[in-house]
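Structure, as structure tokens:
The chain is numbered in sequence order, starting from 1.
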Amino acid sequence: MIYEQFDPHLTLMPYIDAYWIANGESVEGNTERILPDGCIDIILNAGEDCQTEGSTFLLESKKSYLVGTMTRHKENVMHAGTNLIGIRFRPAGFSAFYDYQAIYRITDETVEFDQKLSPDLNITVTHFKNYLDNFFLKILAAPRRSIAPLVTDIQHHRGKISVNALADKYFTTVRQLQRQFDQYLGISPKEFINLVRYQSALEKIRNNTSNKSLAEIAFETGYYDHSHLTNEIKKYTGSAPAQF
């Protein structure tokens with residue numbers, strides 16, 4: 001697979017993580033594993049039909065799709081004719097552009113997205129970043145209520161913060177946090193904290209230049225022991241830490 005990603009306009013950066021393009025290379029088809037990142041994506045299929053979700057869902061050619069916040073990995077079968085264009089929103093950034101009341105209903109799901117709400121596929125193919133920047137700048141309307149500061153705080157702590165501590169810090173209740181995260185992210189604050197902590201641990205495993213043991217990495221990233229860390233890595237990625 002050939003994968004490229006591009007930064008959005010500076011004004012959009014607090015809400016959009018990247019625009020990306022993924023093209024298949026193999027005639028026979030290769031299975032590509034997509035790991036959970038806490039983000040929501042819009043995908044435009046500019047190529048042939050593409051199988052995803054372990055070949056249980058078909059991204060049809062010339063259609064747009066919405067991918068909910070992922071808490072587990074997905075697999076796409078990429079062929080030579082595959083050409084996917086994506087907009088990856090930062091955690092909770094999707095709500096700055098769309099009033100999607102039931103975001104929690106599409107967690108770990110891929111659903112067809114209304115063409116009237118999606119960027120135009122043909123213009124995107126022709127003008128790509130310039131068009132996408134203009135499209136999203138026009139519909140940008142930062143929500144009056146946002147969990148972005150909480151998301152940033154969790155990421156700053158690399159997931160080593162409790163929901164109770166978060167609620168106390170922002171003078172709210174655990175129940176209110178639950179409602180806000182369901183509305184803007186599609187998962188609970190606890191689930192997002194666990195996701196960020198897993199990402200931190202996986203980064204350390206991948207860049208373990210000092211040859212730390214798995215137990216040491218587990219301790220540094222807030223897990224009980226190496227078994228706990230191993231189970232979490234397997235849950236999110238489908239692979240053991242040693243495979244990274």
Side-chain angles (χ1 to χ4, degrees), residues 1-53 57-70 73-100 103 106 109-143 146 148 151 155 184-186 199:
M1 178 179 72
I2 301 173
Y3 176 84
E4 298 177 278
Q5 70 174 40
F6 307 84
D7 291 333
H9 187 280
L10 187 63
T11 304
L12 299 172
M13 282 187 174
Y15 314 103
I16 296 177
D17 180 57
Y19 306 134
W20 56 264
I21 298 174
N23 291 309
E25 295 181 280
S26 170
V27 175
E28 295 80 12
N30 290 327
T31 299
E32 302 290 342
R33 183 169 294 184
I34 314 299
L35 302 184
D37 56 10
C39 300
I40 290 172
D41 285 61
I42 291 175
I43 295 179
L44 314 177
N45 188 357
E48 299 174 0
D49 292 353
C50 175
Q51 292 179 330
T52 185
E53 314 251 354
F57 190 89
L58 189 67
L59 301 177
E60 295 183 39
S61 178
K62 311 304 180 186
K63 289 189 176 182
S64 304
Y65 294 89
L66 186 63
V67 182
T69 302
M70 293 165 52
H73 70 277
K74 294 177 183 283
E75 292 183 344
N76 290 351
V77 180
M78 308 287 287
H79 294 272
T82 303
N83 180 11
L84 303 178
I85 301 171
I87 301 96
R88 182 167 62 243
F89 298 90
R90 295 188 183 276
F94 182 76
S95 60
F97 307 96
Y98 298 100
D99 184 18
Y100 202 98
I103 204 69
I106 63 165
E109 300 289 340
T110 301
V111 297
E112 190 170 343
F113 196 46
D114 192 338
Q115 300 277 15
K116 296 178 182 178
L117 302 176
S118 172
D120 183 275
L121 176 59
N122 292 326
I123 303 177
T124 301
V125 169
T126 305
H127 299 287
F128 190 50
K129 184 181 180 304
N130 287 338
Y131 167 67
L132 290 178
D133 279 342
N134 289 330
F135 178 88
F136 285 107
L137 284 169
K138 286 179 181 179
I139 64 172
L140 173 62
S146 173
V151 166
Q155 292 171 330
Y184 296 113
L185 200 55
Q199 289 178 307

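Using a 4.5 Å cut-off on side-chain heavy atoms (C-beta onward), Phe97 and Leu140 make contact. Put simply, the side chain of Tyr98 does not reach to within 4.5 Å of the side chain of Leu66, judged on heavy atoms. At least one side-chain heavy atom of Asp120 sits less than 4.5 Å from a side-chain heavy atom of Tyr131. By the 4.5 Å heavy-atom criterion applied to side chains, Ile123 and Phe135 are not counted as neighbours. Inter-residue side-chain proximity for Val67 and Lys74 is flagged as met; some heavy-atom pair is nearer than 4.5 Å. Using a 4.5 Å heavy-atom threshold, the side chains of Phe113 and Ile43 count as separate. Annotation: side chain of Ser146 is not in contact with side chain of Tyr184 (no heavy-atom distance under 4.5 Å).
Heavy atoms only, all atoms of each residue included: Gly47 and Ser61 are closest at O-OG, 2.6 Å. Closest approach of His9 and Asp133 over heavy atoms only: N-OD1, 2.9 Å. The two residues Ile103 and Gly186 have their closest heavy-atom pair at CG2-N, 3.6 Å. Nearest heavy-atom pair, Ser64 versus Gln115, reported as atom, atom and distance to 0.1 Å: OG-OE1, 3.3 Å. Between Ser118 and Leu44 the shortest heavy-atom distance is OG-CD2, 3.2 Å. Across Glu75 and Arg33, no two heavy atoms sit closer than the pair OE2-NH2, 3.1 Å.
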Between Tyr15 and Phe136, is the ring pair (Phe, Tyr, Trp, His ring centres under 6.0 Å) condition met? List the steps. CA-CA 10 Å; Tyr15 314 103; Phe136 285 107; over 10 Å; no
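Taking CD of Glu112 as the reference point, atom CG of Leu59 lies at 10.0 Å (rounded to 0.5 Å). Taking NZ of Lys63 as the start and CG of Asp49 as the end, the distance is 9.0 Å to the nearest 0.5 Å. Interatomic distance, Tyr65 OH to Ile106 CD1, rounded to the nearest 0.5 Å: 14.0 Å. Ile16 contributes atom CD1, which lies 10.5 Å from atom OG1 of Thr11 (distance to the nearest 0.5 angstrom).
A search for side-chain contact (heavy atoms from CB on, under 4.5 Å) contacts involving Thr69 returns Ile40, Leu185, Ile187, not counting sequence neighbours.
Results of the side chain to side chain contact (heavy atoms under 4.5 Å, CB included) test with Ile42 over Ile87, Leu132, Ile85 single out Ile87 as the only residue that passes.
Pairs passing the side-chain hydrogen bond (donor to acceptor under 3.5 Å, both in side chains) check and including a residue from residues 37-48, sequence neighbours excluded, read Trp20-Asp41. Annotation: salt bridge (charged side-chain N to carboxylate O under 4.0 Å, His left out) contacts involving residues 4-21, sequence neighbours excluded, comprise Asp17-Arg88, Asp17-Arg90.
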